[in-house]
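First comes the structure, then the notes that go with it.
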Amino acid sequence: MSNPETLSLYDTLTRSYKEFPPQDSPARTNPDEPISYYTCGPTVYDSAHIGNFRAYIFEDQVVRALEYLGWKVKQVMNITDVDDKTIKGANPTGADNEPRILRERLDAYTAPYIEAFFADIDKLNIRRAAVYPRATRTIGAMVLLVGRLIEKGFAYRGEDGSWYFPIRQFPGYGWLSGLDLEQVSVGARVDSDEYDKLDARDFVLWKTRRPGEPSWDPTEYDAASPLPPGRPGWHLECSAMSGRHLGETLDMHSGGHDNIFPHHENEIAQSEAANGTTFVRHWLHCGYLLVENQKMSKSLGNFFTLQNLLDRGHEALAVRLLLLSTHYRKPLNFTFDGLRGAEANLKRLREFLRRLEREEASAPVAPDEELGLGGTGAGPLLSKLKDDFAAALRDDLNISKALAAVFELVGTLNRLLDGGGVRREEIAAARKTLLGFDEVLGLRLGENAGKATIEPAWVEERLAARQQARRERDFARADALRDELAAAGVVVEDTPEGPRWHVE
RNA sequence: GGCGGCAUAGCCAAGUGGCUAAGGCAGAGGAUUGCAAAUCCUUCAUUCCCCGGUUCGAGUCCGGGUGCCGCCUCCA
């Protein structure tokens with residue numbers, strides 16, 4: 001393995017391109033040290049939609065690209081399993097009960113959504129992160145974090161016992177989002193439990209227990225904790241979980257553009273106030289997803305989960321290809337036209353790999369090949385394309401350029417193979433190059449997952465009958481046999497060397 | 001109102017001052033085929049939202065518009 005290559009990546013905080021990994025990242029000097037990468041995960045109150053998956057696929061691209069370029073990565077993705085929506089979902093009537101019962105109800109409510117989330121990311125071939133910490137299982141770390149904030153004077157208690165973070169005390173507040181605190185309008189609406197904030201813009205760290213809401217007793221984790229029984233505020237979990245699994249300073253943190261404010265802004269404030277160290281060296285955010293040029297919403301009827309698309313007969317990996325083929329920082333306009341285009345592209349890539357495998361297996365090893373002669377000189381082309389591909393990734397993950405290299409490989413090799421005389425080792429090298437690209441694209445080109453298993457003898461029997469019919473020029477019968485095979489998912493292609501088939 | 005992003009062919013999209021504006025999808029014509037499929041060839045933006053300006057030269061820089069999108073504190 002050659003030395004890892006650095007990338008030029010846009011950084012949200014400085015609004016500029018920066019070299020990644022950052023200079024002060026331990027991964028830069030210690031080859032065994034992984035890049036620490038924290039990603040905001042799902043709130044499990046419902047099935048994730050394709051807008052969520054754009055972010056998760058983008059983050060998967062980041063990991064895959066870094067690994068392709070030679071880096072080790074430790075990715076952590078949180079699962080938010082306690083917030084207002086999950087609480088409401090778990091206990092719609094608001095009936096009060098013991099905290100333990102309410103916590104159990106919450107777990108029972110989120111469990112199927114957690115399961116669905118993992119099933120979906122598997123279908124989309126999103127690699128699993130190293131850890132998926134759950135908020136409800138990390139309460140102790142959150143309690144300790146608030147404890148440190150209290151010690152340092154970065155938290156105050158409201159009248160009802162909830163604790164808040166005083167944003168005015170944190171000098172860097174607003175930096176990430178570029179918001180000027182004085183300009184942020186303080187809404188006229190003041191929530192009933194916000195009356196005792198010192199500043200209406202302060203955010204809650206720990207909410208005191210309300211009837212009907214699951215709660216945790218902080219003294220179970222820290223006997224000296226002044227926090228009342230209650231639950232964590234929205235932002236606290238990410239600061240606590242990232243610290244627990246990746247340390248006080250992260251190489252990279254990413255999420256959707258809409259997480260910048262207030263979520264990530266508040267994470268910075270909490271973590272840096274508590275630890276006195278830089279929280280994140282590099283911030284990365286992906287753009288929004290539109291559907292047919294409109295915001296995705298249930299009322300417009302353009303709201304899609306992955307399952308909705310599968311139900312319409314689309315393929316998860318085509319959805320993946322579509323969602324990754326727009327540069328991560330640009331708005332992505334999801335259309336069914338685009339999805340069909342992605343399906344065509346995916347088919348072309350699969351077809352190309354099949355051709356390489358087929359021709360590699362049948363290519364004779366010519367006498368001059370043993371001498372290293374002959375062939376078409378595909379080698380230099382392949383190394384150029386690999387260079388182009390890697391350079392595209394290093395250029396702020398320029399996926400369009402990377403895909404151009406992939407399709408140049410397809411077009412050029414198809415031409416060479418049509419011309420003949422390609423050496424077996426050249427074909428093998430092309431195949432390996434394509435599969436190498438797919439390590440980043442994640443389209444499972446080299447796998448046959450999900451394909452129907454067909455009994456070859458059954459197919460051969462029909463093919464033989466069809467050939468017989470063709471020889472007799474009984475094309476109606478030949479086409480009927482081909483249709484029968486097609487119905488079973490078998491695609492037949494006639495060639496000068498006879499028919500060949502594959503399962504689709 | 002404040003802050004930020006985007007605008008390139010029917011669709012997706014690269015491009016960050018200089019040869020003929022990448023690549024993909026769709027379309028058209030052709031080779032091949034019994035018909036298909038796959039593949040290949042040809043074709044598909046005198047032009048980059050509009051108006052000015054800078055420059056020998058601008059899609060690329062500057063100014064001004066227009067349009068679309070996001071954020072401006074969770075629980076609304």
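Because only heavy atoms are used, hydrogens play no part in the values below, and waters and symmetry mates are left out as well, while side chains stay in.
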Is it the case that the base of [N] and the side chain of [X] share a donor-acceptor contact (distance under 3.5 Å, atom types as modelled)?
X	N	result
A/Asp337	B/rG10	no
A/Arg482	B/rA36	yes
A/Arg470	B/rG34	yes

Which nucleotide, [options], lies nearest any side-chain atom of [X]?
X	options	answer
A/Pro262	B/rC75, B/rA36, B/rC72	B/rC72
A/Asp84	B/rG15, B/rC74, B/rC6	B/rC74
A/Arg348	B/rC40, B/rC35, B/rU73	B/rC40
A/Asn345	B/rG24, B/rC12, B/rA7	B/rG24
A/Phe407	B/rU39, B/rG34, B/rG23	B/rG23
A/Arg466	B/rC11, B/rC35, B/rA22	B/rC35
A/His327	B/rA26, B/rC71, B/rA14	B/rA14
A/Lys207	B/rC40, B/rC74, B/rC35	B/rC74
A/Glu351	B/rG34, B/rC71, B/rU39	B/rU39
A/Glu493	B/rA14, B/rA38, B/rU39	B/rA38

| field | Among A/His257, A/His235, A/His253, the one residue meeting ring pair (Phe, Tyr, Trp, His ring centres under 6.0 Å) with A/His264 | value |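 Running ring pair (Phe, Tyr, Trp, His ring centres under 6.0 Å) over A/His257, A/His235, A/His253 with A/His264 returns exactly one hit, A/His253.
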So [X], base contact, sugar-phosphate only, or nothing? Heavy-atom distance under 4.0 Å.
X	value
A/Thr495	nothing
A/Asn414	sugar-phosphate
A/Val492	base

OP1 or OP2 of [N] less than 4.0 angstrom from a side-chain nitrogen or oxygen of [X], does that happen here?
X	N	result
A/Asn333	B/rC12	yes
A/Lys401	B/rA13	no
A/Lys347	B/rA38	yes
A/Ser400	B/rG23	no
A/Asn398	B/rA13	no
A/Arg473	B/rC35	no

| Taking the six-membered ring of A/Tyr10 as reference, does the NZ or CZ atom of A/Arg329 fall below 6.0 Å from its centre and within a 45° cone about the axis? |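 Because its charged atom sits under 6.0 Å from the ring centre and within 45° of the axis, A/Arg329 does stack over A/Tyr10.
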Could you measure between the two [atom1] atoms, the one in [N] and the one in [M], and give it in whole Å?
N	M	atom1	answer
B/rA28	B/rG67	C1'	33 Å
B/rA7	B/rC49	C1'	6 Å
B/rA9	B/rA14	C1'	14 Å
B/rA21	B/rU46	P	10 Å
B/rG53	B/rC71	P	39 Å
B/rU54	B/rU47	P	23 Å
B/rC48	B/rC69	P	24 Å
B/rG64	B/rC19	P	29 Å

Taking a pair as Watson-Crick or G-U wobble with both distances under 3.5 Å, which nucleotide is matched to [N]?
N	result
B/rA38	none
B/rC56	B/rG18
B/rG67	B/rC6

| query | Is the A/Phe53-A/Phe334 ring centre distance short of 6.0 angstrom? | reply |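 Judged by ring-centre distance (under 6.0 Å), A/Phe53 and A/Phe334 do not meet the cut-off.
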| message | Suppose we call two aromatic rings close when their centres sit under 6.0 Å apart. Are A/Phe303 and A/His49 close by that rule? | response |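 Centroid distance A/Phe303-A/His49: below 6.0 Å, so yes.
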| said: So, taking the atom named CD in A/Glu461 and the one named CG in A/Leu463, what distance separates them when rounded to the nearest 0.5 Å? | reply: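 Rounded to the nearest 0.5 Å, the CD-CG separation comes out at 10.5 Å.
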| task | To the nearest 0.5 angstrom, please state how far the CZ atom of A/Arg482 sits from the CZ atom of A/Arg477. | result |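 Here the interatomic distance stands at 14.5 Å.
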| query | When the ring planes of A/Phe170 and A/Phe154 are compared, do they come out parallel, tilted or perpendicular, using 30° and 60° as the limits? | reply |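 A/Phe170 and A/Phe154: perpendicular rings.
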| Rounded to whole angstrom units, what separation is found between the CZ atom of A/Arg340 and the P atom of B/rA26? |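 From A/Arg340 CZ to B/rA26 P: 11 Å.
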